[in-house]
Amino acid sequence: MSFWQTFLVMDVCRQYGLSHKEQEILLAKFPDENTVNSNNQVADQSLENKQLPDIAETVRRQMWTIYNKRFAPQQDPEIFLELNQKNGKSKDIKFLAWLRNKYLQWLETQNFKMIDSVQTYTDNPFTPLNDIINDQHLLYGRERDITRIFETLNSGSSVALIGEKKIGKSSLLKAIYHQAQHRLNKPRKAIYLNLSLIFNDDDFYDKLCEQVNIPVQRGRQLIRNLEQQQLLLLLDEVERMTWKGFTRDLRLQLRGLADGQANPPLRLVITASEHLDVLFPDSRDNPSPFQGVCIEEIIHPWDENIVRGFIHNRLMNTQVSFIEEEIIQLIIEPIWYLIYR
């Protein structure tokens with residue numbers, strides 16, 4: 001999360017009472033202090049952000065509500081009386097100018113100052129800012145979680161990592177992928193599949209067979225081939241399997257390969273933002289594919305000690321420092337796990 005995004009969330013959206021959906025629209029509409037996206041551009045981002053409307057007209061109506069209901073004239077007459085007389089892009093540009101002025105004031109209160117773009121910038125010690133962590137030395141504060149996960153795997157069970165979105169489940173899954181060779185008592189080949197990039201059964205079988213290095217196949221032939229393997233299958237964002245393109249047969253096949261044996265061909269580690277019994281309700285005609293197979297491991301946000309340790313770890317050997325008041329604000333506002341997941 002950039003300084004601009006933090007400002008919009010903390011000093012604008014919360015102050016003026018925007019809903020979470022309105023907040024996402026505002027962030028997409030004004031991605032930085034110099035850019036105004038059109039309603040069509042905002043709607044196009046709905047493929048990656050499900051909080052955004054997928055129709056430009058809906059974005060336009062939501063922006064009308066934001067301008068006329070949230071930022072009412074009586075709250076700031078100097079800007080909003082004039083703003084309400086404008087339409088379309090001119091209104092957006094005028095509003096961005098107002099935001100930019102508030103942003104500069106906010107930066108001063110945060111002990112930041114704008115630096116001329118021609119000057120040399122200090123490398124950001126908190127990279128990556130918003131991405132899955134592949135570089136293991138950058139992963140912080142999750143060793144206890146990783147240890148518990150491997151203890152469960154080595155006891156003979158599969159694992160489901162359950163936690164809210166962007167809390168770090170994908171980065172944990174990558175850590176399991178990289179460390180499996182050294183921390184599993186019985187060797188298994190680790191395979192990582194990101195289900196956000198897989199849209200149906202055919203995609204799944206294609207990718208799985210490619211990773212196992214066998215011809216693309218399914219059904220009994222695939223089962224026979226996989227029964228000769230020892231695999232640790234890591235499935236990221238398993239809730240995608242509730243989508244229309246995925247069938248019950250695929251889910252039950254995974255369950256059968258991971259259950260019912262002392263040393264099954266598959267051991268699973270999956271991630272989800274909801275509990276398995278919520279994602280896949282069990283019934284007589286449609287048994288839950290992972291309930292009872294995967295032991296749930298709840299992934300929690302960082303506590304104060306981990307946040308302080310993380311800040312200290314990243315600022316060592318740099319010229320950057322935070323005062324105590326800034327550190328306390330970061331602890332109080334739960335944004336660290338969104339910035340560094």
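Just so you know, these numbers come straight off a predicted model, no measurement behind them. All values below come from the heavy atoms of this structure, side chains included, with hydrogens, waters and symmetry mates left out.
Checked by atom type, the side-chain pair Ser196/Asn194 shows a donor-acceptor distance below 3.5 Å. Side chain to side chain, Lys186 and Asn154 fail the donor-acceptor criterion of an N or O pair below 3.5 Å. Counting only N and O atoms by type, the side chains of Gln253 and Tyr205 include a donor and acceptor under 3.5 Å apart. Side-chain contact, Glu151 with Ser155: no donor N or O sits under 3.5 Å from an acceptor N or O.
Closest heavy-atom contact between Leu268 and Ser158: N-OG, 2.9 Å. Pairing each heavy atom of Arg314 with each of Leu138, the nearest pair is NH2-O, 2.6 Å. Considering all non-hydrogen atoms of both residues, Pro289 and Phe280 come closest at CD-CB, 3.5 Å. The minimum heavy-atom distance between Thr58 and Pro53, with the atom names listed, is CG2-CB, 3.6 Å. Summarising the geometry of Ala180 relative to Ala190, their closest heavy-atom pair is CB-CB, 4.2 Å, with the distance given to 0.1 Å. Across Phe290 and Arg255, no two heavy atoms sit closer than the pair N-NH1, 3.9 Å.
The OG atom of Ser46 sits 11.5 Å away from the CD atom of Gln51 when rounded to the nearest 0.5 Å. Separating the CG atom in Leu173 from the NE2 atom in His178 is a distance of 10.0 Å, to the nearest 0.5 Å. Atom-to-atom distance recorded for Leu172:CG and Asp145:CG is 5.5 Å, nearest 0.5 angstrom. To the nearest 0.5 angstrom, Leu232 atom CG is 12.0 Å from Lys189 atom NZ. The SG atom of Cys13 sits 8.5 Å away from the CD atom of Glu22 when rounded to the nearest 0.5 Å. The distance from the CG atom of Leu193 to the NZ atom of Lys207 is 7.5 Å, given to the nearest 0.5 Å.
Each of Leu208 and Leu197 belongs to its own hydrophobic cluster when Ile, Leu, Val, Met, Phe, Trp and Tyr are linked at side-chain heavy-atom distances under 4.5 angstrom. Under the 4.5 Å side-chain heavy-atom criterion for ILVMFWY residues, no single connected hydrophobic cluster contains both Val42 and Ile55. Grouping the Ile, Leu, Val, Met, Phe, Trp and Tyr side chains by contacts below 4.5 angstrom, directly or via other members, places Phe3 with Leu26. No continuous path of ILVMFWY side-chain contacts below 4.5 Å connects Leu250 to Val293, so the two sit in separate hydrophobic clusters. Leu52 and Trp64 fall into different hydrophobic clusters, where Ile, Leu, Val, Met, Phe, Trp and Tyr are joined by side-chain heavy atoms under 4.5 Å apart, directly or via other members.
The side-chain heavy atoms of Trp106 and Thr6, taken from C-beta on, include a pair separated by under 4.5 Å. When side chains are defined from C-beta on, Pro215 does not count as touching Gln221, because their heavy atoms never get closer than 4.5 Å. Asn263 places a side-chain heavy atom less than 4.5 Å from the side chain of Gln230. Residues Gln105 and Asn101 form a side-chain contact, since some pair of their non-hydrogen atoms from C-beta on lies under 4.5 Å apart. Side-chain contact between Phe204 and Leu195 is present, with at least one heavy-atom pair separated by less than 4.5 Å. Using a 4.5 Å cut-off on side-chain heavy atoms (C-beta onward), Leu235 and Leu254 make contact. Asn200 is not listed as a side-chain neighbour of Trp243, based on a closest heavy-atom distance of 4.5 Å or more. By the 4.5 Å heavy-atom criterion applied to side chains, Val9 and Leu27 are counted as neighbours.
In this structure, Glu297 does not pair ionically with Arg142, as no charged nitrogen and carboxylate oxygen lie closer than 4.0 Å. Between Arg60 and Glu57 there is a salt bridge, since a side-chain N of the basic residue sits under 4.0 Å from a carboxylate O of the acidic one. Salt bridge Asp202/Arg218: present, at least one basic N to carboxylate O contact under 4.0 Å. Looking at Glu227 and Arg224, no side-chain N of the basic residue comes within less than 4.0 Å of a carboxylate O on the acidic one, giving no salt bridge. One finds a salt bridge joining Glu324 and Arg308 here, because a Lys/Arg side-chain nitrogen approaches an Asp/Glu carboxylate oxygen to under 4.0 Å.
Of the possible donor and acceptor atoms, none in the side chain of Ser171 sits under 3.5 Å from a partner among the backbone N and O of Ile132. A distance-only check finds no donor-acceptor pair linking the side chain of Arg240 to the backbone of Phe199 [under 3.5 Å]. Side chain of Thr242 to backbone of Glu239: a donor-acceptor contact under 3.5 angstrom is found. Between the side chain of Arg188 and the main chain of Pro265, a donor-acceptor pair closer than 3.5 Å is present. Although no hydrogens or angles enter the test, the distance criterion places a donor-acceptor pair under 3.5 Å between the side chain of Lys169 and the main chain of Gly163. No donor-acceptor distance shorter than 3.5 angstrom exists from the side chain of Tyr16 to the backbone of Ile66, with no hydrogens or angles considered.
Between Trp302 and Phe310, the two ring planes are tilted [angle within 30° to 60°].
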>> Pair Asn39, Lys29 - check side chain to side chain contact (heavy atoms under 4.5 Å, CB included), show working.
In response: CA-CA 7 Å; Asn39 295 337; Lys29 186 77 172 176; 2.7 Å; yes
>> If you apply the rule side chain to side chain contact (heavy atoms under 4.5 Å, CB included), what do you find for Glu33 with Phe7, and how did you get there?
In response: CA-CA 11 Å; Glu33 64 270 31; Phe7 155 73; over 6 Å; no
> Should Asn34 and Arg100 be marked as a side chain to side chain contact (heavy atoms under 4.5 Å, CB included) after you check the CA-CA gap, both sets of side-chain angles, and the distance that decides it?
Replying inline: CA-CA 8 Å; Asn34 300 307; Arg100 188 186 297 116; 4.0 Å; yes
>> Using side chain to side chain contact (heavy atoms under 4.5 Å, CB included), reason through Ile306 and Asp303 one step at a time and then give a plain yes or no.
In response: CA-CA 6 Å; Ile306 296 178; Asp303 61 22; 3.2 Å; yes
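The 12-atom threshold is not exceeded at CZ of Arg144, counting heavy atoms of other residues, nucleotides or ligands nearer than 6.0 Å. Tyr192 OH: more than 12 foreign heavy atoms inside a 6.0 Å radius. Within 6.0 Å of the CG atom in Asn213, the count of heavy atoms belonging to other residues, nucleotides or ligands does not exceed 12.
Screening Leu257, Asp259, Ile191 against Leu266 for a side-chain contact (heavy atoms from CB on, under 4.5 Å) leaves a single residue, Leu257. Of the residues Phe30, Trp4, Trp98, the one that meets the ring-ring contact (aromatic ring centres under 6.0 Å, His included) test with Tyr103 is Trp4.
Ring to ring, Tyr67 and Phe95 are close: their centroids are under 6.0 angstrom apart.
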